Amino acid sequence: MIADDTPFDGFYRSAWRDAARWAAALTGEAQAGEEIAQEVFLRLAGRYDELENPAAYLRTAVVNAARSWHRSAARRSAREHLAVVGEGDEVLVVDELLESLARLRYEQRAVLV
């Protein structure tokens with residue numbers, strides 16, 4: 001172990017993989033899982049010494065962050081739907097368009113949108 005390792009550093013190394021897996025399983029996306037895990041560890045780092053059970057805090061924080069991710073994704077989907085449908089009688093084949101866009105990588109989708 002390196003001399004200037006903190007207890008948090010050891011916890012991070014031992015728990016990172018599981019936290020990213022939990023978040024990926026909850027969101028259905030590996031990349032989102034890694035981002036959520038990283039955000040949770042950033043929040044946890046400042047409070048680590050105060051926590052009685054950091055592992056329990058981590059699990060709860062991952063679940064809450066994944067729930068928040070889903071709410072955000074639902075809002076984003078609703079905004080995309082409104083942007084595509086427009087107002088009044090102007091109706092496009094929204095579901096097919098959004099499904100087609102969803103199959104593309106983000107970079108490709110960004111270019112088309």
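Reckoned from all heavy atoms, side chains included, excluding hydrogens, waters and symmetry mates. Note that the structure is a prediction, hence the values are computed from the model and not measured. Count residues from 1 along the sequence.
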Report task. Assess whether side chain to side chain contact (heavy atoms under 4.5 Å, CB included) is satisfied between N64 and V40, documenting all intermediate values. Result -> CA-CA 10 Å; N64 290 338; V40 167; over 6 Å; no
Query - Closest contact, heavy atoms only, A65 versus R43 - result: CB-NH2, 4.3 Å
Query - For R17, all residues meeting salt bridge (Lys or Arg N to Asp or Glu O under 4.0 Å), sequence neighbours excluded - result: none
**Report entry** Set of residues satisfying side chain to side chain contact (heavy atoms under 4.5 Å, CB included) with respect to Q31, sequence neighbours excluded
**Finding:** E35
Query - Partner set under side chain to side chain contact (heavy atoms under 4.5 Å, CB included) for L26, not counting sequence neighbours - result: V62, V63, A66
**Report entry** Pairwise distance CD1(I36) to CZ(R67) - rounded to 0.5 angstrom
**Finding:** 11.5 Å
Query raised in the report: Out of W16, Y12, F11, Y48, which residue meets the side chain to side chain contact (heavy atoms under 4.5 Å, CB included) rule with L58?
Result: F11
Donor-acceptor pairs under 3.5 angstrom involving side-chain atoms of residues 18-25: please list them, not counting sequence neighbours.
none

Requested in this report: Would you check if T6 and D49 make a side-chain contact, meaning some heavy-atom pair closer than 4.5 Å?
Outcome: no
Query raised in the report: For T27 and A32, which heavy atoms make the closest approach, and how far apart are they?
Result: OG1-CB, 3.8 Å
Query - Reported CD-to-CZ distance for the pair Q108 and R105, which is rounded to 0.5 angstrom - result: 4.0 Å
Requested in this report: Quick one: list whatever passes ring pair (Phe, Tyr, Trp, His ring centres under 6.0 Å) with Y57, sequence neighbours left out.
Outcome: none
**Report entry** Residues in side chain to side chain contact (heavy atoms under 4.5 Å, CB included) contact with N53, at least two apart in sequence or another chain
**Finding:** A55, A56
